[in-house]
Chemist: 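One structure coming up, written as structure tokens, with questions to follow.
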Amino acid sequence: MSAVQDSVHMARALELARGGMATTAPNPRVGCVIVRDGRVVGEGFHVRPGEPHAERLALQQAGPSARGATAYVTLEPCCHTGRTPPCTDALLASGVARVVAAMEDPDPRVAGGGLARLRASGVAVEAGLMASEAARLNRGFVSRVTRGRPFTIAKVGVSLDGRTALLSGESQWITGPEARADVQRLRAVSGAVLTGAGTVRADDPRLTVHAGCPRQPLRVIVASHLALPPTSHIFSQGVGAVVLTAVDGPEGDALRAAGAEVVAVGGKPGRVDLAAALAYLAARGVNDLLVEAGPTLLASLLEARLIDELVVYMAPKLLGHGRPLADFALAALSEASVWRYDEARRVGDDLRLTLTPRT
């Protein structure tokens, strides 16, 4: 198989893996293509936890044609038993002659063991083809298993002069319908959406995905105090909400009665330990976290260096005096955190900016 053909088939495997963007968590997004004599004989992608992995679905489709074939998989095949048996067993039983993996699995239960087992059994193994694309596809999974916290994106809608709302709090709508639809797509592929108690009280958001999404993200509220209205929309959408606080108190009983989970993750009085909050979400299997918060919580997350990516929707409007993107003060310009523009594109009348911290 030529290098060009290898790349074509791995690109297809990555395309297949994206079919599970909104459904695979806490598992990684994985696609597999099986090729024999230059012809694709099997394809598959992991859809949701507990269901067959990509390799098994592709092998099932390939049947006897898998013998002597090459399997292209976007992540190292698993070699441990979880909800499903090891994929290495299925690949070996099928008689594939070669396995090309985009990247090794950072999960300590695998971590090169799957590829080593295949090699030891006489299968030709290669790894690293399109590794950066595969890593980006699973950056949330990689973050959770290597750093103990989700990959965290902060989404904000701002005016041209950097305001997220008027001083009165009015903010609907700064950005246009196309930008709001794009946010729906961000929510759909996130394991959880996080906001602050101030936003719940001021805006009463739902933080759900519109009808048609196969699942709703976990909705999370960071609340230094539990004085939240139990009648808020976020508690009444039938998919539950989690309130993360420093110390539980009697006010939590009313929120539990409204269907919320209240979890004390620790922190100083009146200030939630945000690193502990993200670690808790990772322990719950959240790979990708979307932050839709006001300037106070966002500033705290930025100062704690817990934001991995900023997605800014900038509307061509000037609001003058209003609420800032993040509410913090610097003593000197040299203290400013510096970000890198990774992407800029039009979304309707608005500009969508994607930025990552400059290290």
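Computed over heavy atoms, backbone and side chain alike; hydrogens, waters and symmetry mates excluded.
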Chemist: Could you tell me whether the side chain of Arg98 reaches within less than 4.5 Å of the side chain of Tyr72, counting heavy atoms only?
Modeler: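 When only atoms from C-beta onward are counted, Arg98 and Tyr72 do touch, with a gap below 4.5 Å.
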
Chemist: Going by atom types only, do Arg147 and Ser143 share a side-chain donor-acceptor pair under 3.5 Å?
Modeler: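 Arg147 vs Ser143: donor-acceptor pair found between side chains.
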
Chemist: Restricting to non-hydrogen atoms, name the atom on Ile174 and the atom on Ser159 that form the minimum distance, rounded to 0.1 Å.
Modeler: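 Closest approach of Ile174 to Ser159, heavy atoms only: CG2-N, 4.0 Å.
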
Chemist: With no hydrogens and no angle check, is any side-chain donor or acceptor of Asp105 less than 3.5 Å from a backbone partner on Asp107?
Modeler: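 Checked: pair present.
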
Chemist: Does the side chain of Trp339 pick up a donor-acceptor pair with the side chain of Ser337 at under 3.5 Å?
Modeler: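 Judged by distance alone, the side chains do pair up.
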
Chemist: Assess whether a salt bridge exists between Asp308 and Arg139, defined as any Lys/Arg side-chain N lying under 4.0 Å from an Asp/Glu carboxylate O.
Modeler: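 The answer is no: the pair does not qualify as a salt bridge.
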
Chemist: If only atom types and distance count, is the side chain of Gln61 paired as donor or acceptor with the main-chain N or O of Ala58 below 3.5 Å?
Modeler: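 Not at all, since once roles are kept as given, no pair shorter than 3.5 Å links the two residues.
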
Chemist: Between Leu289 and Phe151, is a side chain to side chain contact (heavy atoms under 4.5 Å, CB included) present by the stated rule, with each step listed?
Modeler: CA-CA 6 Å; Leu289 176 64; Phe151 187 90; over 6 Å; no

Chemist: Identify whether Leu14 and Val99 are in the same connected component of the hydrophobic contact network (ILVMFWY, side-chain heavy atoms under 4.5 Å).
Modeler: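 Looking at the clustering, Val99 is in a separate group from Leu14.
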
Chemist: Report, as yes or no, whether the 6.0 Å neighbourhood of atom CZ on Arg271 holds more than 12 heavy atoms from other residues, nucleotides or ligands.
Modeler: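 It does not: Arg271 CZ has 12 such atoms or fewer within range.
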
Chemist: Output yes when Asp288 and Arg29 qualify as a salt bridge under the 4.0 Å nitrogen-oxygen rule, no when they do not.
Modeler: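 Yes, this pair counts.
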
Chemist: Check Glu261 with Arg256, please: is the shortest side-chain N to carboxylate O separation under 4.0 Å?
Modeler: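 Looking at Arg256 and Glu261, the cut-off is not met.
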
Chemist: Are Pro205 and Thr199 packed together at the side-chain level, in the sense that at least one heavy-atom pair is separated by less than 4.5 angstrom?
Modeler: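 They are in side-chain contact.
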
Chemist: Give the minimum heavy-atom separation between Ala223 and Val243, together with the two atoms involved.
Modeler: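 That would be CB-CG1, 3.9 Å.
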
Chemist: Over all heavy atoms of both residues, which pair between Thr164 and Val158 is shortest? Give the atoms and the distance, please.
Modeler: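 So the two residues come closest at CG2-CG1, 3.7 Å.
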
Chemist: Transitively linked via ILVMFWY side-chain contacts under 4.5 Å: Leu16 with Leu129?
Modeler: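 Yes, it is one cluster - the side chains of Leu16 and Leu129 are joined through contacts under 4.5 Å.
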
Chemist: Within the structure provided, determine whether Leu301 and Leu297 are in side-chain contact (heavy-atom separation under 4.5 Å).
Modeler: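 With C-beta onward as the side chain, the pair touches.
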
Chemist: Quick one: does any side-chain atom of Asp273 pair with a main-chain N or O of Gly266 as donor and acceptor, under 3.5 Å?
Modeler: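 Flag not set: sc Asp273 to bb Gly266 has no pair under 3.5 Å.
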
Chemist: Can you tell me if Arg305 has over 12 outside heavy atoms packed within less than 6.0 Å of its CZ?
Modeler: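 For Arg305, atom CZ is not crowded (no more than 12 foreign heavy atoms under 6.0 Å).
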
Chemist: Does any part of the side chain of Glu178, heavy atoms only, come nearer than 4.5 Å to the side chain of Arg346, both counted from C-beta?
Modeler: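 A side-chain contact under 4.5 Å is absent here.
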
Chemist: Lys155 and Tyr313: side chain to side chain contact (heavy atoms under 4.5 Å, CB included), yes or no, with the steps?
Modeler: CA-CA 8 Å; Lys155 159 263 163 185; Tyr313 297 91; 3.8 Å; yes

Chemist: Applying the 4.5 Å side-chain criterion to the ILVMFWY set and letting contacts propagate, would Leu355 and Leu306 be lumped into a single cluster?
Modeler: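 Linked within one cluster.
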
Chemist: For the residue pair Ile221 and Ile234, establish whether any side-chain heavy-atom pair is separated by less than 4.5 Å.
Modeler: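 Yes - at least one pair of side-chain heavy atoms lies under 4.5 Å apart.
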
Chemist: Looking at Thr208, is its backbone amide N or carbonyl O close enough to the side chain of Arg219 to form a donor-acceptor pair, meaning the two atoms are under 3.5 Å apart?
Modeler: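 Here the side-chain-to-backbone pair does not exist.
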
Chemist: Is a salt bridge present between Arg180 and Asp350, judged by a nitrogen-to-oxygen distance below 4.0 Å?
Modeler: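 Result for this pair is no, no salt bridge flagged.
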
Chemist: Can you tell me how far apart SG (Cys32) and CG (Leu75) are? Round to the nearest 0.5 Å.
Modeler: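 Those atoms lie 11.5 Å apart.
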
Chemist: When rounded to the nearest 0.5 angstrom, what is the spacing between CZ in Phe328 and CD in Glu335?
Modeler: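 Here the rounded value is 10.5 Å.
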
Chemist: Among Val272, Thr195, Val242, Val291, which residue satisfies the side-chain contact (heavy atoms from CB on, under 4.5 Å) criterion with Val222?
Modeler: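 That would be Val272.
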
Chemist: Got a donor-acceptor contact below 3.5 angstrom from the Ser232 side chain to the Phe235 backbone?
Modeler: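 No.
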
Chemist: Is the backbone N or O of Ala227 less than 3.5 Å from a side-chain atom of Arg201, with the two atoms forming a donor-acceptor pair by type?
Modeler: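 Yes.
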
Chemist: Any chance you could lay out the side chain to side chain contact (heavy atoms under 4.5 Å, CB included) test for Glu292 and Val183, step after step, and finish with the verdict?
Modeler: CA-CA 10 Å; Glu292 298 190 42; Val183 172; 3.9 Å; yes

Chemist: Tell me whether Leu166 is reachable from Leu325 by hopping between hydrophobic residues (I, L, V, M, F, W, Y) whose side-chain heavy atoms are closer than 4.5 Å.
Modeler: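 Leu325 and Leu166: separate clusters.
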
Chemist: Within the supplied structure, the quantity of interest is the number of heavy atoms (other residues, nucleotides, ligands) at a distance under 6.0 Å from Arg136 CZ; does it exceed 12?
Modeler: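 It does not: Arg136 CZ has 12 such atoms or fewer within range.
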
Chemist: Does Arg117 reach the side chain of Leu92, with side-chain heavy atoms less than 4.5 Å apart?
Modeler: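 Result yes, sub-4.5 Å side-chain heavy-atom pair found.
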
Chemist: Are Arg284 and Pro26 close enough that some pair of their side-chain heavy atoms sits under 4.5 Å apart?
Modeler: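 The answer is no, as the side chains (C-beta and beyond) never meet within the 4.5 Å cut-off.
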
Chemist: Side-chain donor-acceptor pair under 3.5 Å between Asn287 and Arg144, yes or no?
Modeler: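 Arg144 and Asn287 do have a side-chain donor-acceptor pair below 3.5 Å.
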
Chemist: Going by distance alone, is a donor N or O of one side chain under 3.5 Å from an acceptor N or O of the other, for Arg119 and Ser121?
Modeler: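 Per modelled atom types, Arg119 and Ser121 side chains form no pair under 3.5 Å.
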
Chemist: Does atom CG (Asp349) have a neighbourhood of more than 12 heavy atoms from anything else shown, all under 6.0 Å?
Modeler: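 It does not: Asp349 CG has 12 such atoms or fewer within range.
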
Chemist: If I take atom CG from residue Leu59 and atom CD from residue Glu43, how far apart are they, to the nearest 0.5 angstrom?
Modeler: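 Answer rounded to 0.5 Å: 12.5 Å.
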
Chemist: Between CG of Leu290 and CG of Leu218, what distance do you get to the nearest 0.5 Å?
Modeler: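 Between Leu290 CG and Leu218 CG, I get 12.5 Å after rounding to 0.5 Å.
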
Chemist: Do any pairs count as a side chain to side chain donor-acceptor pair (under 3.5 Å) and have a residue in residues 316-328, sequence neighbours left out, and if so which ones?
Modeler: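 For residues 316-328, and leaving out neighbouring residues, there are no side chain to side chain donor-acceptor pair (under 3.5 Å) pairs at all.
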
Chemist: Which heavy atom of Gly252 sits nearest to which heavy atom of Val262, and what is that distance?
Modeler: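 Looking at all heavy atoms of both residues, the shortest contact is O-CG2, 3.9 Å.
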
Chemist: Ignoring hydrogens and geometry, is there a side-chain-to-backbone donor-acceptor pair from Thr24 to Val47 under 3.5 Å?
Modeler: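 The answer is no, because no donor-acceptor pair under 3.5 Å joins these two groups.
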
Chemist: Counting only heavy atoms from other residues, nucleotides and ligands, does the tally under 6.0 Å from CD of Gln60 exceed 12?
Modeler: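 No, because the 6.0 Å sphere around CD of Gln60 holds 12 heavy atoms or fewer from other groups.
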
Chemist: Please report the C-alpha distance between Val110 and Leu115 in whole Å, then the side-chain angles of each, then the deciding distance to 0.1 Å, and finally whether the side chain to side chain contact (heavy atoms under 4.5 Å, CB included) criterion is met.
Modeler: CA-CA 9 Å; Val110 185; Leu115 298 179; over 6 Å; no

Chemist: Which heavy atom of Leu319 sits nearest to which heavy atom of Arg163, and what is that distance?
Modeler: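 Nearest heavy atoms, Leu319 then Arg163: CD1-CB, 3.9 Å.
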
Chemist: To the nearest 0.5 Å, tell me how far Thr146 OG1 sits from Arg149 CZ.
Modeler: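 Reported to 0.5 Å precision, the distance equals 9.5 Å.
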
Chemist: Could you walk me through whether Thr354 and Arg352 pass the side chain to side chain donor-acceptor pair (under 3.5 Å) test, one step at a time?
Modeler: CA-CA 7 Å; Thr354 303; Arg352 185 189 195 268; 3.1 Å; yes

Chemist: Counting only N and O atoms by type, is there a donor-acceptor contact under 3.5 Å from the side chain of Arg340 to the main-chain atoms of Arg358?
Modeler: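 Judged by distance alone, no pair lies under 3.5 Å.
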
Chemist: Going from CD on Gln184 to NE2 on His210, what distance comes out if it is rounded to the nearest 0.5 angstrom?
Modeler: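 Answer rounded to 0.5 Å: 3.5 Å.
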
Chemist: Parallel, tilted or perpendicular: which describes the rings of His53 and His46, with under 30° parallel and over 60° perpendicular?
Modeler: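 If you compare the ring of His53 with that of His46, the planes turn out perpendicular.
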
Chemist: For the side chain of Glu309 and the backbone of Ile153, is there at least one donor-acceptor N/O pair under 3.5 Å apart?
Modeler: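 Judged by distance alone, no pair lies under 3.5 Å.
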
Chemist: With distance as the sole criterion, is a donor-acceptor pair present between the side chains of Thr356 and Asp342 under 3.5 Å?
Modeler: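 Thr356 vs Asp342: donor-acceptor pair found between side chains.
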
Chemist: Using the rule that Ile, Leu, Val, Met, Phe, Trp and Tyr join whenever any side-chain heavy atoms are under 4.5 Å apart, tell me whether Val40 and Leu91 fall into a single cluster.
Modeler: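 No, separate clusters.
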
Chemist: Main chain of Gly114, side chain of Glu104: is a donor-acceptor contact present, judged purely on distance under 3.5 Å?
Modeler: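 No: the side chain of Glu104 does not pair with the backbone of Gly114.
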
Chemist: Which pair of heavy atoms, one from Pro150 and one from Leu278, lies closest together, and at what distance?
Modeler: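 Scanning both residues completely, I find the closest heavy atoms to be CD-O, 3.3 Å.
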
Chemist: With the threshold set at 4.0 Å, does a side-chain nitrogen-carboxylate oxygen contact exist between Arg18 and Glu15?
Modeler: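 Result for this pair is no, no salt bridge flagged.
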
